[in-house]
Amino acid sequence: MNNPTDILRPSPSLKTNLTVALVGNPNSGKSTIFNLLTGLNQKVGNYPGVTVDKKSGKTRLADKSSAEVIDLPGTYSLYPRSADEKVVLDVLMHPDREQRPDVAVVIADMNNLERNLLLFTQIRDLAIPSVLVLNMADIARKKGVNVDLNLLSRRLGNVPVVSMNARNGEGLDDLKKVLSSPLELPEECFMDVHSLAHEAIAEVKQMYKLENTYEAYQWLQSADRLRFINDNQKEQLLNMRSAFNFDANKLQIEETTERYRQIQQILQDAISSPKDEKQSLSDRLDSVLTHKVFGYLIFFGILFLIFQAIFAWASVPMDIIDYLFAEISGWIQDSLPEGVLTSLLSEGIVPGIGGIVIFVPQIAILFAFIALLEESGYMSRVVFLMDKVMRKVGLNGRSVVPLISGLACAIPAIMATRSIDSWKDRLITIMVTPLMSCSARLPVYTVLIALVVPEQFVWGFISLQGIVLMGMYLLGFVAALGSAWAMKLIVKTKERSFLIMEMPAYRWPRWKNVGITVFEKSKTFVLEAGKVILAVSIVLWVLASYGPGDDIALAEQQLREQAENSDDPTFAENLDIAISASKLENSYAGKFGKMIEPAIAPLGYDWKIGIALISSFAAREVFVGTMATLYSVGEDFDDESTIIGRMRSERNPDTGQQVFRPAVAFSLLVFYAFAMQCMSTIAVVYRETKGWKWPVIQTIYMTALAYVSALIVYQLFS
Amino acid sequence: MKTLDQLKPGQKATIQNIKTSSLTIKLLEMGLLPGKEVVYNFCAPFGDPISVRISGYNLSLRIDEASLVEII
């Protein structure tokens, strides 16, 4: 934080830049507490060097100082299995003490303390000042679970313990108070790992100048997992392991068993809970939601609802946005002096931005539904339901989450594969996730479907366009499964695939959490996609407005002479349109499009679509922007027509045939469903697989699939 | 010895031991500790994975993994 104003401000105490890391088991309510602390004051970035989301934000503490809060991925222990969990260890054990969080707030579910305390005792032993938060106090109260907070705190080594109900903010002030006061480290470690590997630990401590015993022990345990350990050190540590007969696996089991033994002893005294366990509402819900028949019916019903909602609820705000941007373009055209800048604004930039903003309502609805499924606990039932099916095609139940997230955007989806523990399952998930129809395709789908599918309703309420849209999403899903199955046969591995997963109790979603997710993700989409699209729009406008040599001027002159010599009055009337068409045809963009026309003619595309195909290899949603730009160049804005209207009236000047015939539109739909047209995805796959091999294979196979399928569709429909 | 996957819906058992494998530690971490009572909830539509209740929470695991958990 090198903000210059910070330096000028006198600091009341050393603790102004307190960093607090939130750690805890998955489903312990970590994100809710994070949202409670930071509100809309959060940012998402990447941990240095890895693509795991780093969520951080600022909060105000009780003494008015502010603290930086980092939300770490959920984990059950310090022994990482997935890439996500490795980050936790990396952050907590960073060799530069300045980089380490000052305080670890360990969040535990009060109703499942035994398992939750395992992680706590490990973090505590790393000598990071820790606070234990017992969350979901309300549920515990209802169940009749009673925790003696003072006794628990004492037995854990005088660690501050705060009881909370993050859902209504209960206990938040207590937590802030604890964080404002100085925290001391317990005098003794919770578990003495010394006895497990006395000599090896002493050696590591001395060699790497480590003070903490458990830290030294973890260097040995995680030598091949820690990112800050270089190859040389890794080799040294592995050699030491064998020299001292350090059996990592066996010691992990011994350590875990011993920690549990102590935790059980403490909990026996500190906790009282009723013995009888009635069947909860959650269990009764599960008997329906994971039912053989109803389970799947409900799942597909929910998906169907989502797609209907995207079309039904989003149309009004979309119409408004569409109208506004057309108005703005027209206004610029009318009121600013004619010139290059005016036409760049009205024909390039404004329609380009409009082409993106218009899809915010649909994207927000999609993100809202995904957040709801996660929040309510239903997503883990989907994993449970789909595991066996997914395994058949070489994926695993956990692949469902990236695949469903892929409906929003492949980039976070590919990052979400980091929760998949087996490398092969993860690789295949990465390879097929971009086939899921992401929100960037939504603009393309919407425009093309609106062009060729009538706005009719089946039985009065099911939108025909909605059905076709759902069909497109299903097509992507089927293609993903098919490709996964093919890859399962190719990729070989010795690693064991597994699924050991907590199924959290169903919970009513918190609207604030959903709201924050929707806001953050939509913002990221607009800013990230917007940057690319704006740049591409400007480049396209230049390419479409200028041409090599004086081709454009010559063509115009020719047309004018023709018009003068012609007796046909309509020719003169349509002169402006003919001129703008010939301008585009003779521009750089037109020449490019013409160049690739032979390759795409079998798919039914003309050179204008060719331009769109080339430009949208950067990002699919550019297609709509490109169409908007191409059909705006030189157009008259009098009638304020929208993109769809302009595309519908587009005719081939030679044949007079409509350009976007159903065969062409469907062929384009399929091409956009399959082709790997997203630079950012390629970049993320490169980072996640650590090399060019997989992103290159992926781009080739997806593009081939797209071309062949589009060819078949066009030939069938025409 | 009987293993966790051989139970029927609603049946209870006590965990005896976790067979040694690369997943032993993971199963322990999730609370499948010797001496604990475990209840078989139900299985997924195609018979795999299964859901069990342990220490008051629901855990799902595959048949392969459940067969590593010895019970009486």
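All chains are named by letter (A, B, ...) in the order of the sequence lines, taking the proteins before the strands, and each is independently numbered beginning at 1. Model, not experiment: these values are computed from the prediction.
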Walk me through whether A:R225 and A:E85 qualify under salt bridge (Lys or Arg N to Asp or Glu O under 4.0 Å). CA-CA 10 Å; A:R225 288 186 288 246; A:E85 293 167 359; over 6 Å; no
Correct closest heavy-atom pair for B:S55 and B:G31 would be OG-O, 4.5 Å
Can you say whether A:S497 sits under 4.5 Å from chain B via the side chain, the backbone, both, or neither, judging by heavy atoms? both
Residues A:Q252 and B:I25: closest non-hydrogen pair is O-CD1, 3.4 Å
Just by distance, do the side chain of A:R259 and the backbone of A:M191 share a donor-acceptor pair under 3.5 Å? no
Applying a strict 4.5 Å limit to non-hydrogen atoms, the region of B:L33 in contact with chain A is side chain
So, the part of A:I253 with a heavy atom under 4.5 Å from chain B: the answer is both
Interface moiety of A:T256 toward chain B, non-hydrogen atoms closer than 4.5 Å: side chain
At their closest point, which heavy atom of A:E254 faces which heavy atom of A:L196, and how far apart are they? OE1-CD2, 3.3 Å
With a 4.5 angstrom heavy-atom cut-off, which part of B:I54 approaches chain A: side chain, backbone, both or neither? neither
Residue selection (most heavy-atom pairs with chain B, distance under 4.5 Å) from A:D286, A:N111, A:N249: A:D286
Where does A:N396 contact chain B at under 4.5 Å (heavy atoms): side chain, backbone, both or neither? both
By the definition side-chain contact (heavy atoms from CB on, under 4.5 Å), identify the one residue from A:P80, A:P73, A:S77 that meets it with A:V88. A:P73
Do the two ring centres, one from A:F299 and one from A:Y296, sit under 6.0 Å apart? no
Using a cut-off of under 4.5 Å on heavy-atom pairs, state which of B:T20, B:L61, B:L23 scores highest against chain A. B:L23
Taking A:K30 for the side chain and A:L72 for the main chain, is one N or O donor matched with an acceptor at less than 3.5 Å? yes
Greatest number of non-hydrogen atom pairs under 4.5 angstrom with chain A, of B:I50, B:T24, B:L27, B:V39, falls to B:I50
Please state whether the side chain, the backbone, both or neither of A:F498 comes within less than 4.5 Å of a heavy atom of chain B. both
Compare all side-chain heavy atoms of A:L303 with those of A:F300 and state whether any distance is below 4.5 angstrom. yes
Walk me through whether A:F384 and A:Y378 qualify under ring pair (Phe, Tyr, Trp, His ring centres under 6.0 Å). CA-CA 10 Å; A:F384 182 73; A:Y378 182 69; over 10 Å; no
Members of residues 1-14 of chain B whose heavy atoms come closer than 4.5 Å to chain A: none
Check step by step if side chain to side chain donor-acceptor pair (under 3.5 Å) holds for B:N58 and B:N41. CA-CA 8 Å; B:N58 289 331; B:N41 289 335; 3.0 Å; yes
Before accepting this row, confirm whether a basic side-chain N of the pair B:E29/A:R81 lies closer than 4.0 Å to the acidic partner's carboxylate O. yes
Side chain, backbone, both or neither: which part of B:S51 has a heavy atom under 4.5 Å from chain A? both
Carboxylate-amine/guanidinium proximity below 4.0 Å for A:D387 and A:R398: no
Audit row: A:Q265, A:Y260, side chain to side chain donor-acceptor pair (under 3.5 Å) steps and yes/no: CA-CA 8 Å; A:Q265 250 174 16; A:Y260 267 128; over 6 Å; no
Side chain, backbone, both or neither: which part of A:Q264 has a heavy atom under 4.5 Å from chain B? side chain
Could you please state which residues from residues 62-72 of chain B sit under 4.5 angstrom from chain A, measuring non-hydrogen atom to non-hydrogen atom, sorted by number, or 'none'? B:R62, B:D64, B:E65, B:L68
Using non-hydrogen atoms and a 4.5 Å limit, figure out which bit of A:T257 sits close to chain B: side chain, backbone, both or neither. side chain
Pair A:R391 + B:D48, salt bridge at N-O below 4.0 Å: yes
Yes or no on side chain to side chain contact (heavy atoms under 4.5 Å, CB included) for A:I271 and A:V145, after CA distance, side-chain angles and deciding distance? CA-CA 7 Å; A:I271 206 167; A:V145 176; 4.0 Å; yes
